[in-house]
Amino acid sequence: MTDALSIVADDCSYRRRVESIDRTVSFRPVEIGRDLERLHAWLGSDHVQPYWELAAPLPVFRRTLVEKLADEHMTPYVGRLDGVPMSYWERYWPADDPLADQYEASESDQGTHLLIGPDEYLGNGYASALLRGIVDMAFRHDETDRVVAEPDVRNDAALATFQSAGFERRDTFYFPAEGKEAALMVCERDRFERAYAPGRTTDATEVTNS
């Protein structure tokens, strides 16, 4: 499925000023030459390893990242605060993913995965602000009315972050593709736009790059 999003001139797919954290949130597509070593370091972090399980020697991880970048049902992003890379995100189409075996996936549903990299960005409310940004970006695809996620049920911080961005927990299931017990989290467009969309809250002001 092809996303209608366009990439603006400075390489951002999305940029937005979030007043509650006094930072500008932005996302740009992952590039091997630019991001390989930082993503490898982040995925080897103690707070990431139990949930992603992608810690591997650099050449092995490079092959994994190349495969992700070639996967047409997924787009990996680097998330930034005030232009500083500090998180990794994946937007994907659940209908083309093993997650479709676990719930009634619409062709227009989008899904997301996330991780915060450096420790100093944990516990400051940044993940919630960034997640709202990635969901807002997903809903710019006119046909998408639902964004889903399947965090590990052991990951209390992730569950709380999804709930803070308008997701509701709908189910718990064993996810063989990821080898984990997962929570199905769902964010509906109407609920999200009432609370968080630009122009409907004082929490954020969109930044234009055109």
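What's counted below: heavy atoms across the whole structure, side chains too, no hydrogens, waters or symmetry copies. In this chain, numbering begins with 1 at the start of the sequence shown.
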Original post:
Out of curiosity, does Val148 fall in the hydrophobic cluster containing Tyr51 (side-chain heavy atoms, cut-off under 4.5 Å, transitive links)?
Top reply: no
Original post:
Is there a donor-acceptor pair closer than 3.5 Å between any side-chain N or O of Asp35 and the backbone N or O of Glu31?
Top reply: yes
Original post:
Side-chain contact, heavy-atom cut-off 4.5 Å: Ser106 with Trp93?
Top reply: no
Original post:
If every non-hydrogen atom of His40 is compared with every non-hydrogen atom of Ala56, which pair is closest and at what distance?
Top reply: NE2-O, 2.6 Å
**OP:** Decide yes or no on salt bridge (Lys or Arg N to Asp or Glu O under 4.0 Å) for Glu104 and Arg170, but give the supporting numbers first.
**Re:** CA-CA 12 Å; Glu104 278 193 48; Arg170 299 284 177 83; over 6 Å; no
Original post:
Could you give the distance from OG1 (Thr75) to CG (Leu69), rounded to the nearest 0.5 Å?
Top reply: 9.5 Å
Original post:
If we only count heavy atoms from C-beta on, is the Lys68 to Leu54 side-chain gap below 4.5 Å?
Top reply: yes
**OP:** Give a yes or no on whether Leu115 and Leu99 share a hydrophobic cluster (residues Ile, Leu, Val, Met, Phe, Trp, Tyr; joining criterion: side-chain heavy atoms under 4.5 Å apart).
**Re:** no
Original post:
Can you hop from Leu131 to Tyr196 via hydrophobic side chains spaced under 4.5 Å?
Top reply: yes
Subject >> Arg38 atom CZ: more than 12 heavy-atom contacts under 6.0 Å >> reply: yes
Original post:
Which heavy atom in Asp22 sits nearest to a heavy atom in Asp82, and how many Å separate them?
Top reply: O-OD2, 4.3 Å
Original post:
Looking only at atom types and distance, does a side-chain atom of His47 sit under 3.5 Å from a main-chain N or O of Ile116, one as donor and one as acceptor?
Top reply: yes
Original post:
Any Lys/Arg nitrogen of Asp190 or Arg146 sitting under 4.0 Å from an Asp/Glu carboxylate oxygen of the other?
Top reply: no
**OP:** Decide yes or no for Tyr103 and Val186: does some side-chain heavy atom of the first lie under 4.5 Å from some side-chain heavy atom of the second?
**Re:** no
Original post:
Leu36 versus Leu58: any side-chain heavy-atom pair under 4.5 Å?
Top reply: yes
Original post:
How long is the gap from CD on Glu168 to CG on Leu184, to the nearest 0.5 Å?
Top reply: 11.0 Å
Subject >> ILVMFWY cluster, Phe175 and Phe162 together (side-chain gap under 4.5 Å) >> reply: no
Original post:
Hey, is CD on Gln163 packed in by over 12 heavy atoms from elsewhere, all under 6.0 Å?
Top reply: yes
Original post:
Val147 versus Glu188: any side-chain heavy-atom pair under 4.5 Å?
Top reply: no
**OP:** Report the C-alpha distance between Thr161 and Phe167 in whole Å, list the side-chain angles of each, state the deciding distance to 0.1 Å, and finish with yes or no for side chain to side chain contact (heavy atoms under 4.5 Å, CB included).
**Re:** CA-CA 9 Å; Thr161 296; Phe167 286 75; over 6 Å; no
Enumerate donor-acceptor pairs with a distance under 3.5 Å from any side-chain N or O in residues 123-130 to protein atoms, sequence neighbours excluded.
{"unit_1": "Asn124", "atom_1": "ND2", "unit_2": "Glu120", "atom_2": "O", "d": "3.0"}
{"unit_1": "Asn124", "atom_1": "ND2", "unit_2": "Leu122", "atom_2": "O", "d": "3.2"}
{"unit_1": "Ser128", "atom_1": "OG", "unit_2": "Ser164", "atom_2": "OG", "d": "2.5"}

**OP:** Would you give the length of the straight line joining atom OG of Ser13 to atom CD1 of Ile134, rounded to the nearest 0.5 angstrom?
**Re:** 8.0 Å
Subject >> Of all pairs that satisfy side chain to side chain donor-acceptor pair (under 3.5 Å), the ones with a partner from residues 147-159, not counting sequence neighbours >> reply: Tyr92-Glu150, His113-Glu150, Glu150-Lys180, Asp152-Arg154
Original post:
About how many Å separate CG of Asp97 and CD of Gln102, when rounded to the nearest 0.5 Å?
Top reply: 10.0 Å
Original post:
Do you reckon Trp89 sits in the same ILVMFWY cluster as Tyr121, going by side-chain contacts under 4.5 Å, direct or chained?
Top reply: yes
**OP:** Of all the heavy-atom pairs spanning Ala165 and Phe192, show the shortest one and how long it is.
**Re:** O-CD1, 3.6 Å
**OP:** Could you walk me through whether Ser26 and Arg80 pass side-chain hydrogen bond (donor to acceptor under 3.5 Å, both in side chains), step by step?
**Re:** CA-CA 5 Å; Ser26 63; Arg80 302 181 293 190; 3.2 Å; yes
**OP:** Starting from the C-alpha separation in whole Å, work towards a yes-or-no answer on side-chain hydrogen bond (donor to acceptor under 3.5 Å, both in side chains) for Arg28 and Tyr77.
**Re:** CA-CA 5 Å; Arg28 64 163 175 79; Tyr77 294 92; over 6 Å; no
Original post:
Under a 4.5 Å cut-off applied to non-hydrogen side-chain atoms, are Phe27 and Val78 in contact?
Top reply: no
Subject >> Pairwise distance CZ(Arg91) to CD(Gln110) - rounded to 0.5 angstrom >> reply: 4.5 Å
Original post:
Is the closest side-chain heavy-atom distance between Thr24 and Leu81 below 4.5 Å?
Top reply: no
Subject >> Nearest atoms (heavy-atom pairs only) where Tyr14 meets Met137 >> reply: CB-SD, 3.4 Å
Subject >> Interatomic distance, Glu107 atom CD to Thr144 atom OG1 [nearest 0.5 angstrom] >> reply: 11.0 Å
**OP:** Please check if the distance between the ring centroids of Tyr88 and Trp52 is under 6.0 Å.
**Re:** yes
Subject >> Residues in salt bridge (Lys or Arg N to Asp or Glu O under 4.0 Å) contact with Arg189, at least two apart in sequence or another chain >> reply: Asp145, Glu193
Original post:
Which heavy atom in Ala183 sits nearest to a heavy atom in Val153, and how many Å separate them?
Top reply: N-CG1, 3.6 Å
**OP:** Provide the closest heavy-atom pair for Gln49 versus Leu43 in the form atom of the first, atom of the second, distance.
**Re:** CG-O, 3.4 Å
**OP:** Report yes if the side chains of Glu90 and Thr112 come closer than 4.5 Å at any heavy-atom pair, otherwise no.
**Re:** no
